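The structure appears right after this line, and notes come after that.
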Amino acid sequence: MKVLVKKGETLFEALRKQNIRLNASCGGKGICGGCRVEVEKFGKVKACQFKIPGSHEVSVPKSLEFQAVGIMEGQTSFPDWKEEAGWDNSPVIAVDLGTTTVAMMGFYRGRQTLSSFTNPQRQYGADVMSRILQANSGKLKELSEVIRLELEEKCKELAEELEPSCRKVRVVIAGNTTMLHLLFGMDCRGLGEAPFSPVTLEKEEETWSFKDRNGNSYDYSIIALPGISAFVGADIVSGIYGLSLHKRTDRTLFIDLGTNGELVLADHGALYTASTAAGPAFEGNELAAELFGAGIIKVLHRMKESKSIDPTGMLAEEYFEKGFPVPLEDGRSLRFTQEIIREIQMAKAAIRAGIEVLLKEAKLKADQVDEVILAGGMGYFVDPADAVGIGLLPEKFLQKTKAAGNTSLLGAVRYAKEEKRSADAEMKELSKGAKDIILADNPDFSQYYIEYMNF
Ligand code: FES
């Protein structure tokens, strides 16, 4: 994979920006060797000591690359291209355009390659709402350009890895409704306030033509997948499609834990969806960057068990002022302050209340759900025992919960590999057929929210 090391930065830091987390048991002192990677022209190097600026070709273990895009290894055995897929002879790139991370998988003639990068819109705010506010205060064009240029560049790099002389690329993009609005420069005013009306939820198709610094022309055929509502977007439709939730003959609860917590309950093909504004408690903030959302849940579970917090989330006296210390692998430590705990508490209460509302809507009890699927970067690492331990999930889910990795990317890949017309029809049907429940308008939601605020 290509990694850009900026001046004053180590390769370790540059890799981290791409979500590649190397082992750093000596804390970057150059002693343990855990961070060794192979760099083209330089051989094996310690990433924490490598500071040569420039774009380097780096070989990192495949499992770390998979982890960076949230793809689970089993998922890489995607179906083969359908003859009639309707794509002509050019590389295809599937993109999960996330609020925090953008993950990509490229394909060409039996080869595949992966890449990921931090969404450059991060500088405008960590979560969807702050980006909407920025867009609505005159920065829409900027927000649109910053992601579009980065996508053009990263897609070019990925496509050239697959076919060096390639000038045409097909790009299939799944992303939440706000990310797609921002990408296409669509007016976000309808997304910022009730009744939350997007400009469109339909599939978008565009051609992007541009020249690079050397004057080479490129043509990208862009397809952005359809969404269900302002807060249940194409990333979730893509996940439903990728996992065939709409075709299952059992009861499955799909939970995408991220900056927003989206929920889908599939009851013999009938789809109920909802979105909870989890905010940046589990993803997108500094704490999450160090620990991952899954680590945050684990720490809280331990704090609860050791009675460092009481059931209301109040820190024990000895930690009250300075917060609860959490040592990191590299010798530094973080502190869980009362403020942080409150933020997480609200996020978990919102997700749990959303689950309860969906169950009630479908007239089901938790034990009637056959399988619970945790999607998203965070769901990949979360231990169901911790999620149940802090009350994020009902106890009945403990034995039925499994991780599914980046299902948004999975669905985009599947879409690209199917015959286009039938894939379009299927996506359209499932996005139109889902019953989206607006939690803010739901009287049960506030009731459950208060009920599940405690640990
Ligand atoms: S040698 Fe690089 S982290 Fe230990």
Side-chain angles (χ1 to χ4, degrees), residues 1-73 98 100-104 113-120 122-123 126 154 157-158 161 282-300 302 323-336 340 377-383 386 403 405-406:
M1 64 188 292
K2 277 248 166 14
V3 182
L4 177 69
V5 178
K6 291 194 178 145
K7 208 166 161 230
E9 183 181 66
T10 64
L11 175 58
F12 188 92
E13 287 157 345
L15 280 164
R16 191 161 181 140
K17 282 192 197 152
Q18 297 203 18
N19 275 334
I20 304 273
R21 285 158 190 264
L22 300 170
N23 183 354
S25 45
C26 73
K29 295 194 186 81
I31 303 167
C32 69
C35 64
R36 259 202 200 99
V37 287
E38 176 109 21
V39 181
E40 201 178 69
K41 299 198 191 102
F42 295 90
K44 275 215 182 309
V45 303
K46 289 178 188 160
C48 70
Q49 304 298 310
F50 187 91
K51 289 186 180 163
I52 300 171
S55 181
H56 300 286
E57 186 60 43
V58 182
S59 311
V60 296
K62 214 52 192 161
S63 58
L64 286 182
E65 269 191 58
F66 285 143
Q67 218 176 72
V69 296
I71 283 276
M72 300 182 76
E73 299 208 29
T100 310
T101 305
V102 183
M104 312 199 295
T113 176
L114 296 162
S115 175
S116 71
F117 60 94
T118 300
N119 189 327
R122 271 295 304 273
Q123 54 184 302
K154 297 286 191 224
E157 282 174 14
L158 208 62
E161 253 182 63
F282 297 129
E283 197 179 282
N285 62 14
E286 291 311 312
L287 190 69
E290 295 289 354
L291 281 181
F292 270 157
I296 293 175
I297 294 179
K298 182 163 285 309
V299 171
L300 268 191
R302 288 203 185 135
F324 181 84
V326 181
L328 297 177
E329 263 183 13
D330 60 10
R332 291 175 302 133
S333 78
L334 292 171
R335 293 208 168 250
F336 270 51
I340 288 171
M378 175 178 159
Y380 187 71
F381 297 103
V382 93
D383 181 344
D386 294 326
N406 189 338

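Since the model is a prediction, treat every value here as computed from it, not as a measurement. The figures that follow rest on heavy atoms only: side chains count, while hydrogens, waters and symmetry mates do not. Ligands are counted one by one from 1 in listed order, and the atoms in each one are counted from 1 as well. In this chain, numbering begins with 1 at the start of the sequence shown.
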For [X], counting its heavy atoms only, list the atoms of ligand 1 lying under 4.0 Å from any of them.
| X | answer |
| --- | --- |
| Gly28 | 3 (S) |
| Cys48 | 1 (S), 2 (Fe), 3 (S) |
| Ile31 | 1 (S) |
| Cys32 | 1 (S), 3 (S), 4 (Fe) |
| Gly30 | 1 (S) |

Taking side chain as C-beta onward, heavy atoms only, is [X] less than 4.5 Å from [Y]?
| X | Y | result |
| --- | --- | --- |
| Lys46 | Phe12 | no |
| Asn119 | Thr101 | no |
| Arg122 | Thr100 | yes |

Give me the one residue out of Val5, Val45, Val3 that meets side-chain contact (heavy atoms from CB on, under 4.5 Å) with Val58.
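Among the candidates, only Val3 passes.
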Salt-bridge test for Lys2 and Glu57: reply yes if a basic N is under 4.0 Å from a carboxylate O, no otherwise.
yes
I need the nearest protein heavy-atom contact for atom 1 (S) of ligand 1: residue, atom name and distance, please.
Gly33 N, 3.1 Å
With respect to atom 4 (Fe) of ligand 1, please indicate if Cys26 possesses an N, O or S atom at a distance under 2.8 Å.
yes
Please step through side-chain contact (heavy atoms from CB on, under 4.5 Å) for the pair Phe42 and Ile52, ending with a clear verdict.
CA-CA 10 Å; Phe42 295 90; Ile52 300 171; 3.4 Å; yes
